[in-house]
Visitor: 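Right, I'll just put the structure down here and ask away after.
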Amino acid sequence: CIGSLLRKVNYIMLASTGLSLFALGFLGFCFAQDSVALNCSMLILSLGEVIIFPLNDAFLAKIALPQVMGSCYGVLNASSIGLAVGPVLG
């Protein structure tokens with residue numbers, strides 16, 4: 001679904017849109033006064049995530065050399081360990 005969109009749209013434009021939605025969602029959390037505003041902010045942030053996270057993999061596949069692509073994906077996915085361990089370690 002998103003793969004066909006990534007082949008048709010400019011990566012920079014798509015990344016800018018995703019990051020803008022991501023930032024707008026976090027900004028909404030800062031100023032939310034009720035649960036409706038929080039839910040709307042979460043929806044906007046989630047739309048940004050849906051664009052950005054698959055874009056990382058697609059962009060890496062486009063720029064990485066075939067002989068090191070596995071290593072590149074390993075490094076990209078290993079960076080997610082901090083997201084899991086960070087809250088536990090404080």
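Note that the structure is predicted; figures quoted are calculated from it, not measured. Numbering of residues begins at 1 and proceeds along the displayed sequence.
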Visitor: Give me the atom names and distance for the closest heavy-atom approach of Glu49 to Pro54.
Guide: O-CD, 3.8 Å
Visitor: Quick one: side chain to side chain contact (heavy atoms under 4.5 Å, CB included) partners of Val68, sequence neighbours excluded?
Guide: Leu65, Cys72
Visitor: Just verifying a value: how many Å separate Lys62 NZ and Asp57 CG, rounded to the nearest 0.5 Å?
Guide: 15.0 Å
Visitor: Please name all residues satisfying side chain to side chain contact (heavy atoms under 4.5 Å, CB included) with Leu21, sequence neighbours left out, ordered by chain then number.
Guide: Thr17, Ile44, Leu47, Ile51
Visitor: Among residues at least two apart in sequence or on other chains, which ones pass side chain to side chain contact (heavy atoms under 4.5 Å, CB included) with Val36?
Guide: Asp34, Cys40
Visitor: With sequence neighbours excluded, tell me which residues meet side chain to side chain contact (heavy atoms under 4.5 Å, CB included) with Ile12.
Guide: Asn10, Ser16
Visitor: Does any pair with a residue in residues 54-90 pass ring pair (Phe, Tyr, Trp, His ring centres under 6.0 Å), and if so which ones, sequence neighbours excluded?
Guide: Tyr11-Phe59
Visitor: Rounded to the nearest 0.5 Å, how far apart are CG of Leu14 and CG of Leu19?
Guide: 10.0 Å
Visitor: Can I get a per-line list of side-chain donor-acceptor pairs under 3.5 Å for residues 78-85, giving both atom names and the distance, sequence neighbours left out?
Guide:
| from | atom 1 | to | atom 2 | distance (Å) |
| --- | --- | --- | --- | --- |
| Ser79 | OG | Leu76 | O | 2.5 |

Visitor: Other than Met42, which residues form its hydrophobic cluster under the rule that side-chain heavy atoms must be closer than 4.5 Å?
Guide: Phe22, Phe26, Phe29, Leu38, Leu45
Visitor: Return the CG to CG distance between Leu43 and Asn39, rounded to the nearest 0.5 Å.
Guide: 9.0 Å
Visitor: Counting only heavy atoms not in Gln33 (residues, nucleotides, ligands), do more than 12 fall under 6.0 Å from its CD?
Guide: no
Visitor: To check you understand the geometry: which heavy-atom pair defines the closest contact between Ala37 and Ala32, and what is its length?
Guide: CB-CB, 3.7 Å
